[in-house]
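Here's the structure, in structure tokens; my notes come after.
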Amino acid sequence: GAGGENTDVAAHLAGFVTGFGGGWLLARLAGLAILRSPAMQRGCAAVTALIVAAAWAWGLIVAG
């Protein structure tokens, strides 16, 4: 959730830090030119969507 007493603030913060760090590392290693290509943007969008869907599925399965 995004609000309320059951919100896992540490998990949200860890996700932000991991995403920021991963993006920074990818930009440093791959270079910004390749990251601006439409194919790379579509690929990154697809991977992001899959990660979010997997996280929600895992959360729903664990919750019962």
Side-chain angles (χ1 to χ4, degrees):
E5 65 185 42
N6 292 327
T7 300
D8 190 349
V9 176
H12 282 90
L13 181 61
F16 173 77
V17 169
T18 302
F20 185 85
W24 179 83
L25 186 63
L26 183 62
R28 298 294 268 170
L29 295 177
L32 291 177
I34 193 169
L35 295 177
R36 290 188 177 123
S37 74
M40 181 62 82
Q41 290 292 310
R42 285 191 296 273
C44 288
V47 169
T48 300
L50 288 173
I51 290 171
V52 170
W56 271 96
W58 182 16
L60 291 173
I61 289 168
V62 169

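The analysis underlying the following values was restricted to heavy atoms, covering all of them including side chains, and did not include hydrogens, waters or symmetry mates. A quick note: this is a predicted structure, and the numbers were derived from the prediction, not measured.
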Atom pairs and distances, donor-acceptor, side-chain atoms in residues 21-44, under 3.5 Å, two or more places apart:
| residue | atom | partner | partner atom | Å |
| --- | --- | --- | --- | --- |
| S37 | OG | I34 | O | 3.0 |
| S37 | OG | M40 | N | 3.2 |
| Q41 | NE2 | L35 | O | 2.6 |

Connected hydrophobic set around [X], excluding itself, where side chains approach under 4.5 Å:
X: W58; value: V62
X: V47; value: I51
X: F20; value: none

